[in-house]
Amino acid sequence: MTKQLPKTDTSAVNVADYIVERLAAEGIDHCFGVAGDYVFPICDAVDSSAKVKWIGCSNELNASYAADGYARIRGAAMLATTYGVGELSAINGVMGAKAERSLVFHVVGMPSYQHQRLHKIAHHTLGDGVFGNFVELSAGAACCHAVINPENCVVEMERIIAEARRNHQPAYIAVPSDYALSPVVSADVKPIVPGSNEAALKKAMAIIAERINKAKSIVAFPAFTISRLGLQKEAQKAIEALGCPFVTTLMEKCVIGESHPQFAGMYAGAVSEPKTRQIIEGADLVLDLGGVNLNDITTAAYSGQLDLSRFVTVGLDDVRIGDQVIANVRLEDILSELAKLKPSSAPYKGKPQGLAQVNGRPSDKITMAALYPRYAAFLRAGDTVVLETGSSSLGVTPTILPDGVRVEAQVLWGSIGWATPAAFGVALADPSRRTILITGEGSHQLTANDVGAMGRFGANVIVFVLNNSGYLIERALEENPDWTYNDLAPWSYAELPKALGCANWYTARVTTLGELDEAMKAARASQTGAYIEIIGGKMDMPPALAFAHGQLKAMYGDTP
Ligand SMILES: Cc1ncc(C[n+]2csc(CCOP(=O)(O)OP(=O)(O)O)c2C)c(N)n1
Ligand SMILES: [Mg+2]
């Protein structure tokens with residue numbers, strides 16, 4: 001697709017309008033943020049744009065999480081915050097997007113060039129007349145940055161967009177408020193589209209093909225970056241052409257349908273099914289497609305035995321085989337080359353696992369053993385599930401889910417509160433799918449105010465809040481579960497949507513399985529958003545969390 005750059009040949013186009021139009025050309029039609037005087041020109045440009053809609057959030061942290069959720073679905077998102085106070089509040093969310101490779105363009109309005117030049121003492125500064133104090137902080141949460149002026153605007157926007165696309169990570173764009181309103185100086189540029197160097201691609205494929213031919217057993221290991229880049233179909237085609245089994249970690253939950261005959265299960269070190277573990281740990285060749293992240297969570301406290309010398313790692317922009325690195329090779333190009341291969345034998349055929357049996361009687365209290373199979377039965381093709389860090393994600397990820405369900409979670413960065421605004425961003429990014437938020441109540445307390453934004457902007461999310469009287473995951477990760485810092489203010493969660501302006505949402509507070517089943521039915525039928533508070537046991541945890549409870553030394557290291 002050729003991108004249409006905004007016109008710059010009339011003096012009517014100012015820097016702010018240009019930036020908004022240029023980001024719109026990247027497929028962005030919503031801008032998350034919080035207004036402020038230094039960023040007014042950007043806000044005005046969004047509000048008067050026919051292409052990009054302003055989505056005001058309760059605070060900048062929420063806005064950054066929402067932008068991350070949006071970017072995961074649409075490939076890129078726009079976030080606008082004001083100087084200092086706004087951008088610093090957004091940093092955790094933008095840094096999370098960097099860690100998890102989600103492309104957020106963070107546009108920040110700075111004090112005017114004139115005031116910067118005069119070293120004025122201005123609000124939102126340290127009172128020192130210095131205006132560069134925060135650029136480096138915000139830039140640290142991005143893979144590239146630019147401070148824009150009318151002369152560099154057109155060229156810098158192309159550089160920034162290309163670099164952010166190459167790394168698939170956030171970009172930071174700072175714009176002094178007077179420059180934002182100045183006419184842009186035109187420049188003769190073309191969009192830079194990341195692509196492979198042909199010779200490098202050939203070389204990489206020759207080495208990969210040789211490794212494939214020599215290997216007695218191959219397994220594909222698609223990475224979370226496959227979904228960030230929207231390459232799910234391409235990865236599936238490549239894996240089908242290879243004919244080998246594929247395994248995922250919980251960061252890639254449902255990246256390819258779990259009923260696919262080549263799916264060999266979820267790998268999580270020692271808590272994997274023995275067959276899954278044997279397939280990946282015993283393989284001669286592990287084709288890592290996208291750069292899997294083998295962290296403490298995905299490996300269940302480093303409990304597996306993966307031999308990295310058997311890995312071929314296809315990164316976003318390079319291929320690594322042992323000590324050899326072939327640069328300038330794009331993941332999408334390797335996938336399409338792999339898709340041309342002809343398997344030498346019949347494809348692997350695993351035994352697809354069915355959905356877990358729904359259990360328990362209607363009058364029973366809600367246990368975790370009964371809750372997670374119910375989620376699997378509730379979810380259907382066309383749903384996007386946003387999972388919060390906490391016991392819920394450790395309960396949902398090992399549960400087989402129906403094909404066509406998409407799952408988004410922030411496994412590596414793991415900042416609680418992420419999932420509520422992220423679900424909002426996901427819902428706005430693709431209203432043709434139903435967005436389901438599954439969160440614990442402790443995490444929800446950090447960012448629940450943007451349930452109000454869901455109502456305001458018609459994002460019809462179905463929200464499940466597990467209320468288990470505190471931070472269960474933390475109780476499980478400590479010797480003593482009863483520290484008071486794991487307790488919470490006992491909110492009336494099911495009353496939040498009404499208080500936050502979601503007047504006609506379906507809401508329920510459920511304590512028995514019968515009530516839960518009814519509420520799930522009503523939520524599914526609801527034409528608006530729905531919000532279900534589920535009362536769970538204070539120490540009732542899914543098996544994966546119970547396992548972690550027994551592995552504290554491996555998780556955190558021994559006591560000194
Ligand atoms: C921003 C941030 N602060 C603190 C933590 C530490 N933390 C991880 S999980 C968690 C508690 C989650 O509790 P809840 O959402 O109620 O889920 P539960 O495990 O109880 O189901 C906390 C405080 C974190 N990951 N991120
Ligand atoms: Mg909790």
Side-chain angles (χ1 to χ4, degrees), residues 59-65 68 88-100 141 250-251 295-298 301 366-372 374-375 385-399 409-423 437-451 463-478 480-494 496 509-511 531-549 552 555-556:
N59 58 56
E60 290 82 355
L61 177 62
N62 289 5
S64 65
Y65 290 156
D68 176 357
L88 296 181
S89 293
I91 279 192
N92 176 8
V94 182
M95 196 71 84
K98 184 178 184 180
E100 302 251 341
L250 53 80
M251 279 179 90
N295 56 56
D296 45 354
I297 314 285
T298 52
I366 299 165
T367 60
M368 296 308 105
L371 177 62
Y372 293 107
R374 272 178 172 72
Y375 281 136
V385 182
V386 182
L387 271 183
E388 183 59 274
T389 295
S391 75
S392 297
S393 59
L394 295 176
V396 172
T397 35
T399 309
Q410 201 197 41
V411 176
L412 173 64
W413 189 246
S415 183
I416 60 165
W418 171 84
T420 298
L437 165 64
I438 299 182
T439 178
E441 93 283 37
S443 307
H444 194 50
Q445 284 203 2
L446 277 86
T447 52
N449 44 5
D450 267 331
V451 169
V463 181
F464 291 100
V465 178
L466 174 63
N467 179 356
N468 50 17
S469 310
Y471 297 151
L472 172 56
I473 190 168
E474 299 214 327
R475 296 191 200 283
L477 295 180
E478 294 187 280
N480 171 17
D482 292 324
W483 294 109
T484 60
Y485 54 72
N486 288 325
D487 300 336
L488 289 164
W491 289 12
S492 301
Y493 295 95
L496 286 179
R509 179 179 187 274
V510 297
T511 57
Y531 189 105
I532 302 171
E533 175 185 356
I534 299 171
I535 307 300
K538 189 169 166 184
M539 284 303 287
D540 185 7
M541 65 186 82
L545 186 52
F547 174 83
H549 184 57
L552 298 184
M555 287 279 292
Y556 302 110

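Counting convention: from 1, in listed order, for ligands and their atoms alike.
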Original post:
Under a heavy-atom criterion of less than 4.0 Å, does Gly470 contact ligand 1?
Top reply: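 Flag set, Gly470 near ligand 1.
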Any idea which heavy atoms bring [X] and [Y] closest together, and the distance?
{"X": "Asn468", "Y": "Gly537", "result": "CB-O, 3.5 Å"}
{"X": "Ile438", "Y": "Ser392", "result": "CG2-CB, 3.9 Å"}
{"X": "Ala494", "Y": "Glu533", "result": "N-OE1, 3.1 Å"}
{"X": "Leu412", "Y": "Ala99", "result": "CD2-O, 3.6 Å"}
{"X": "Leu61", "Y": "Ser64", "result": "O-OG, 2.6 Å"}

Original post:
Do Asp68 and Lys98 sit within salt-bridge range, that is, some charged N less than 4.0 Å from a carboxylate O?
Top reply: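 Answer for the salt bridge query: no.
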Original post:
Has the side chain of Glu388 got a donor or acceptor atom that lies under 3.5 Å from a matching backbone atom of Gly440?
Top reply: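 Judged by distance alone, no pair lies under 3.5 Å.
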Subject >> Met539 backbone acceptor or donor facing Arg475 side chain under 3.5 Å >> reply: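 Here the side-chain-to-backbone pair does not exist.
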For [atom], find the nearest protein heavy atom and state the residue, atom name and distance (0.1 Å precision).
{"atom": "atom 1 (C) of ligand 1", "value": "Ser415 OG, 3.5 Å"}
{"atom": "atom 22 (C) of ligand 1", "value": "Glu474 OE2, 3.1 Å"}
{"atom": "atom 14 (P) of ligand 1", "value": "Gly442 N, 3.6 Å"}
{"atom": "atom 15 (O) of ligand 1", "value": "Ser443 OG, 2.5 Å"}
{"atom": "atom 11 (C) of ligand 1", "value": "Tyr471 CD2, 3.3 Å"}
{"atom": "atom 17 (O) of ligand 1", "value": "Gly440 CA, 3.8 Å"}
{"atom": "atom 25 (N) of ligand 1", "value": "Gly414 O, 2.8 Å"}
{"atom": "atom 9 (S) of ligand 1", "value": "Ile473 CG2, 3.2 Å"}

Which of the atoms in ligand 1, numbered in the order shown and given with their element, are less than 4.0 Å from a heavy-atom of [X]?
{"X": "Asn468", "value": "18 (P), 20 (O), 21 (O)"}
{"X": "Ser391", "value": "18 (P), 19 (O), 21 (O)"}
{"X": "Leu472", "value": "18 (P), 19 (O), 20 (O)"}

Original post:
Which of these, Asn467, Thr420, Thr439, sits in a side chain to side chain donor-acceptor pair (under 3.5 Å) with His444?
Top reply: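 Per the side chain to side chain donor-acceptor pair (under 3.5 Å) rule, the option paired with His444 is Thr420, out of Asn467, Thr420, Thr439.
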Original post:
Can you list the steps and then say if Asn449 with Asn59 is a side chain to side chain contact (heavy atoms under 4.5 Å, CB included)?
Top reply: CA-CA 9 Å; Asn449 44 5; Asn59 58 56; 3.7 Å; yes
**OP:** Give the total of protein N/O/S atoms at a distance below 2.8 Å from the Mg ion (ligand 2).
**Re:**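 Step by step: take the Mg ion (ligand 2), keep protein N, O, S below 2.8 Å, and you get 3.
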Original post:
Between the side chains of Asn92 and Trp413, is a donor N or O closer than 3.5 angstrom to an acceptor N or O?
Top reply: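 There is such a pair (donor and acceptor under 3.5 Å, judged by atom type) between the side chains of Asn92 and Trp413.
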Original post:
Considering only heavy atoms, does Ile416 approach ligand 1 within less than 4.0 Å through its side chain, its backbone, both, or neither?
Top reply: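 Both backbone and side chain of Ile416 come within 4.0 Å of ligand 1.
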Original post:
Between His444 and ligand 1, which residue portion shows a heavy-atom distance shorter than 4.0 Å: side chain, backbone, both, or neither?
Top reply: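 The answer is neither.
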Original post:
Would you call the rings of Tyr372 and Tyr375 parallel, tilted or perpendicular if under 30° counts as parallel and over 60° as perpendicular?
Top reply: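 Geometry flag for Tyr375 against Tyr372: tilted rings.
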Subject >> Criterion side-chain contact (heavy atoms from CB on, under 4.5 Å) against Ser443, the qualifying member of Val465, Thr389, Ile416 >> reply: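 Passing option: Ile416.
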